[in-house]
Protein chains: 2
Amino acid sequence: MSVKSAARVLDVIEAFAAERRPLTMSELARILAIPGASCLELIRTLAGRGYLYEVERRGGFYPTGRLQAQAAVIGAHDPIVARASDALHALRDRTGETVVLARLRGHEVLYLDVVESRQSVRYIAEIGATRPVQANSLGKALLAALDPAARDVLLAEVEFRPFTARTLDRAALERDLEASEERGCYCNLGESVPDLGAIARPLRLGDRYAVSVAGPLARIEAALDAHAEALREACAAIEGRDS
Amino acid sequence: MSVKSAARVLDVIEAFAAERRPLTMSELARILAIPGASCLELIRTLAGRGYLYEVERRGGFYPTGRLQAQAAVIGAHDPIVARASDALHALRDRTGETVVLARLRGHEVLYLDVVESRQSVRYIAEIGATRPVQANSLGKALLAALDPAARDVLLAEVEFRPFTARTLDRAALERDLEASEERGCYCNLGESVPDLGAIARPLRLGDRYAVSVAGPLARIEAALDAHAEALREACAAIEGRDS
DNA sequence: AAGCGAGCTTCACATACCCGAAAAATCCGG
DNA sequence: CCGGATTTTTCGGGTATGTGAAGCTCGCTT
């Protein structure tokens with residue numbers, strides 16, 4: 001179980017990011033579905049620390065720039081994302097598709113950074129979102145980088161339910177991993193969402209990370225080899241900088 | 001009293017912004033001066049929501065870009081700061097000094113936005129920080145914009161202790177406010193910090209806000225009239241956009 | 001390989017917090 | 001200027017949560 005008030009702080013942040021306007025105490029309480037009294041305490045805490053301000057008397061609260069200032073400092077010093085950022089942007093520009101950096105968390109894939117495609121039809125994902133390992137190109141790349149014992153333990157906990165007609169079961173997944181190993185690139189062609197295609201590659205950077213290129217299935221399939229090559233070079237660039 | 005775990009989430013954010021590197025559970029617990037067990041719960045909550053990730057196995061946690069992504073959206077839609085931003089930057093460039101946007105919170109001044117000077121010796125303040133009204137140019141401007149009754153109530157709660165040799169007592173403050181009213185500009189010349197000078201002006205924007213130009217005392221005093229004029233024009237520009 | 005030290009995790013109890021209800025303040029239409 | 005509706009705030013009890021101690025895991029050193 002998680003810490004209730006800690007989670008609520010995140011809820012508040014997300015509520016403001018979603019609403020994009022000042023919220024009164026009761027509006028916020030309604031949005032978060034919590035009692036007004038609890039919401040008041042929460043707002044007071046955040047306002048007292050300089051993270052919220054009252055826009056006008058009774059005109060609702062809005063976050064000050066303090067959160068953004070802190071987040072900017074934090075973002076600039078991320079040990080992994082900051083290092084990979086240039087190469088990920090270059091990869092996005094070269095492929096024209098959305099690029100994702102991720103790692104394993106438990107038996108899920110955690111998205112650490114998303115560099116969005118500029119095309120009008122594009123893959124969109126939220127930083128911090130998670131995906132199931134078994135139906136995700138990044139998941140496959142991350143699984144491939146694990147030693148077999150750890151992979152077995154992990155896959156034992158996974159529930160292989162079909163997301164689309166193309167979703168693999170455990171046996172098919174292991175065959176796919178083996179087949180992809182030689183190529184060094186791991187695909188997900190419509191296995192999680194019907195029209196979504198992606199290719200990924202593991203990254204050796206301290207611990208195990210992975211990078212993917214994702215977009216509409218047809219576009220990804222058509223340019224698979226070119227993207228794979230671009231991905232390979234991008235990963236080499238990221239890994240190379242440190243060694 | 002504030003909500004403990006909510007405040008701790010802010011502590012965590014500030015700790016990472018200050019340390020600028022991954023922190024293990026026990027390091028964070030030490031920095032925040034809280035029990036390890038409590039810190040673990042907190043980290044799990046934040047990590048579970050995708051706001052923290054483990055950089056390497058046992059290698060410490062670091063915030064993902066999720067916080068930054070949310071903060072960026074929030075910052076772009078601030079009803080006050082977003083509107084004033086251009087004019088504040090222009091004012092900074094014109095005066096060469098740090099510019100601050102603030103409002104009243106209780107009997108303190110709350111800094112909403114800070115646009116830093118680019119000079120090597122400059123005034124620095126943190127967004128979200130607070131200052132006493134009675135020894136602050138923004139505080140004076142905000143007091144001046146209040147009706148006399150409200151001002152009396154507010155000043156009754158203020159403790160007039162001297163920060164420097166130049167700090168005013170209540171009588172001197174009221175004389176200063178009156179004298180400044182005509183000019184429309186409110187000064188703080190070494191009243192809070194010996195070498196700090198600032199001039200401020202109230203802003204009529206929904207509720208009462210104020211803008212200041214601050215820097216080393218000598219520089220501010222030397223360019224007082226020029227800065228006052230620049231400040232006047234900047235405020236007019238901000239107020240004008242909406243009406 | 002084994003011991004050691006640091007860090008992580010679990011557990012049960014005591015406390016501070018969350019909640020519902022009621023009061024106070026504020027707003028709005030008349 | 002008044003009365004009803006809405007929002008904000010206060011308050012005290014029940015309970016989820018924070019805490020300290022103990023056990024466990026991991027990595028490092030010898």
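Numbered from 1 within each chain, the chains take letters A, B, ... in sequence-line order.
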Closest to the [X] side chain, choosing from [options]:
X: A:Ser5; options: C:dT10, D:dT8, C:dC17; result: C:dC17
X: B:Pro35; options: C:dC19, D:dT8, D:dG20; result: D:dG20
X: B:Ala37; options: C:dT9, C:dT10, C:dG20; result: C:dT10
X: B:Ser26; options: D:dC26, D:dT19, C:dG7; result: C:dG7
X: A:Thr24; options: C:dA16, C:dC18, D:dT8; result: D:dT8
X: B:Ser38; options: C:dC18, C:dT9, D:dT19; result: D:dT19

* Please round to the nearest 0.5 Å and tell me the distance separating atom OG of A:Ser192 and atom CD of A:Gln134. => 10.0 Å

* **Within 45° cone of A:Tyr111 ring axis and under 6.0 Å: A:Arg131 NZ or CZ** => yes

* To do: Answer yes or no for B:Arg103 and B:Tyr209: cation-pi contact, defined as NZ/CZ to six-membered ring centre under 6.0 Å and angle to ring axis within 45°.
  => yes

Tell me: [atom1] of [X] to [atom2] of [N], nearest whole Å?
X: B:Glu56; N: C:dC8; atom1: CD; atom2: P; result: 13 Å
X: A:Met25; N: D:dT9; atom1: CE; atom2: C1'; result: 8 Å
X: A:Glu54; N: D:dT8; atom1: CD; atom2: P; result: 9 Å
X: B:Lys4; N: C:dA16; atom1: NZ; atom2: C1'; result: 6 Å
X: B:Leu32; N: D:dT19; atom1: CG; atom2: C1'; result: 15 Å
X: B:Glu41; N: C:dC11; atom1: CD; atom2: P; result: 12 Å
X: B:Ile43; N: C:dC8; atom1: CD1; atom2: P; result: 8 Å
X: B:Leu52; N: C:dC8; atom1: CG; atom2: P; result: 13 Å

* To do: Name the residue closer to the 5' end of DNA chain D, choosing between B:Cys39 and A:Arg58 according to the nucleotide with the nearest heavy atom.
  =>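 The residue closer to the strand's 5' end, by nearest nucleotide, is A:Arg58.
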
* Structure fact -> Closest to the 5' end of DNA chain C, once A:Arg57 and B:Phe61 are matched to their nearest nucleotides, is B:Phe61

* **B:Ser5 side chain to B:Arg8 side chain, donor-acceptor N/O pair below 3.5 angstrom** =>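 Side chains of B:Ser5 and B:Arg8: no pair found under 3.5 Å.
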
* **Pair A:Tyr53, B:Asp78: side-chain N/O donor-acceptor within cut-off below 3.5 Å** =>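 The criterion, which ignores hydrogens and geometry beyond distance, is satisfied for B:Asp78 and A:Tyr53.
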
* Check whether any side-chain nitrogen or oxygen of A:Arg44 sits under 4.0 Å from OP1 or OP2 of D:dT8, and answer yes or no. =>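 Indeed not, no polar side-chain atom of A:Arg44 lies that close.
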
